[in-house]
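Just so it is clear, the model here is predicted, and its values are computed rather than measured.
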Amino acid sequence: MSAPPLKKPVVTEREARQVAEAAREQAWRKPSFAKELFLGRFRLDLIHPHPLPTDEAVRRGEQFLGKLRDFCETKVDGALIEREARIPDEVINGLKELGALGMKIDPKYGGLGLTQVYYNKALALAGSASPAIGVLLSAHQSIGVPQPLKLFGTPEQKEKFLPRCARTDISAFLLTEPDVGSDPARLATSAVPDGDDYVLDGVKLWTTNGVVADLLVVMARVPKSEGHKGGITAFVVETDSPGVIVENRNAFMGLRGIENGVTRFHQVRVPAANRIGPEGAGLKIALTTLNTGRLSLPASCVAAGKWCLKIAREWSAAREQWGKPVAHHEAVGQKISFIAATTFALEAVLDLSSQMADEDRNDIRIEGALAKLFASEMGWRIADELVQIRGGRGFETADSLRARGERAVPAEQVLRDLRINRIFEGSTEIMHLLIAREAVDAHLSVAGDLIDPEKSLSDKAKAGANAGVFYAKWLPKLVAGPGQLPRAYADFHPAGHPDLSGHLRYVERSARKLARSTFYAMSRWQGRMETKQGFLGRIVDIGAELFAMSAAVVRAELLRTTEGHGREAYQLADVFCRQSRIRVEELFGRLWSNTDDLDRKVVKGVLGGAYEWLEQGVVDPSGEGPWIADATPGESKKENVHRRIR
């Protein structure tokens, strides 16, 4: 007998945290540069010498990039995709013929078997031609069917689905629901066991690729019953299954060509053989998939940074103001310097994280998350500065510029397209909390029971003893280190180049200061620290800057010893580190001098209606309707807008 359908879960804050905690990878079986950084230990040996791809990986990667570049230059009209809000079918079919759907899939399943480094280079290249194409390829391979099957699929599942994903079938990842975002404990889509099948019911929102997908990874909750552990579980679902309806193709501020929709499941039968991993492992599968999947977003930011630098250089040299090119005016020059230095750092962070993922000798869950966080924030700033440099032309659309006879530069489009990266695959605010949790993992491992209200006195006493041993060894190491030795890291000051050794000493000192600040905060707030999201966000942002500085310096040294741009790379790394240090010092100051407490009081007043008088004098142009659409399971009453691309 099948279990009854699930009711929409009602969970407390604590229960929601427990679900998220249970899905975390608990152990650290491999070293992590970023984890050590948050603990005050600057492990330069984990990233230097900079890891490199094999000759064979380079050969295959460069060969594919050549084909992809030719395709993008001759077959892709980015302006048309933006204007019509759709990637032409012939373009998607051309990408299939190139093998672009199978870039990360093993050749034995018909894929190209590219490394993460070259996969990201390909995404950056395709995304520069049209960001919508970059998203299509990324959603399919970074988080769609190929990646979770690669990590958790059975041999039979890989044989069945991966050849299709490599050449013909587009896939999508379905987790978000109308009332469920970064809080999966409230997931309402159900998968009820029925014989050798599961029966899916529910609604999924913002299903990127969902409108054109052939295969879906769906997260649904299995009810606990006899013989079934239950819990959030992952399934591969065929979109032509009866009961799968795409109810809407969504439209957005940017990325107008993406095929993002609302998908409803009504009594959809899914074979048990299509379940990925055991019941209850769905959220862990999703989070593990995202560890490397998140690196696709920094790739799009790197591509945007490179393009913004090109346009800033060309425009600022051509546009004259008060007798000289605007680039020579300090106010504009500072923006150009920021764009150049930050683009260098973004590529350094991306390539280092990707190569570490390829080598698989480090745990990169924090590095990947930091790369996503840092790149999405900095990429947005780069695009915003380009719009400012372009002035009124930056605000004007490419079509309008073309219509009046000027170069059709889509600066405002890039700004719109990049904005979603601060929300996609974990918003900046959620990334702060996720990274902070991993960053303080060592502390919680030894002292977590001390601040857990449900632990007994004996458990707390045992935790206190363990914490005493840990901190007795750890705290003294935070007092002094190589960052205080003038000659430390001298290899990063070759003759005739800027001195980067001082920046590494700064990173080492700042890492120890960061760890001391975290320890002090835990001592001060104890169990309430998890509510101090402003403080935790600044801690994470400092760590992101220190990681980016480290990556930039190591990349500059790599380029000095392997390519012809060593001197210029050292200059860019030096400027980036100096700009970054200013941001770090500001963040350190704001750890303890901020308006967090006052902000909470204002928020309470806003929600209580104390400031409604401030809202008077305007007209609200919003339409009528609920804040969150009804997602009650049931048969769809809308036309199916799903379309296959063949």
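Under the 3.5 Å distance criterion, with hydrogens and angles disregarded, a donor-acceptor pair is assigned to the side chains of His432 and Asp541. Donor-acceptor pairing under 3.5 Å is lacking for the side chains of Tyr489 and Glu508. Between the side chains of Tyr119 and Ser142, a donor-acceptor pair is found at a separation under 3.5 Å.
Side chain of Ser593 to main chain of Arg590: no donor-acceptor pair is present (N/O by atom type, distance under 3.5 Å, no hydrogens or angles). Of the possible donor and acceptor atoms, one in the side chain of Lys372 sits under 3.5 Å from a partner among the backbone N and O of Gly426. Between the side chain of Glu412 and the main chain of Gly394, no donor-acceptor pair closer than 3.5 Å is present. For Arg294 (side chain) and Ala369 (main-chain N/O), no donor-acceptor pair under 3.5 Å exists by modelled atom type. Side-chain N or O atoms of Gln484 include one that pairs as donor or acceptor with a backbone N or O of Gly481 at under 3.5 Å.
Under 4.0 Å is where a charged nitrogen must lie from a carboxylate oxygen, and between Glu377 and Arg422 at least one such pair does. In this structure, Asp574 pairs ionically with Arg578, as a charged nitrogen and a carboxylate oxygen lie closer than 4.0 Å.
Partners of Trp474 under the ring pair (Phe, Tyr, Trp, His ring centres under 6.0 Å) rule, at least two apart in sequence or in another chain, are His443, Phe470, Tyr471. Residues passing the ring pair (Phe, Tyr, Trp, His ring centres under 6.0 Å) test with Phe492 are His48, sequence neighbours excluded.
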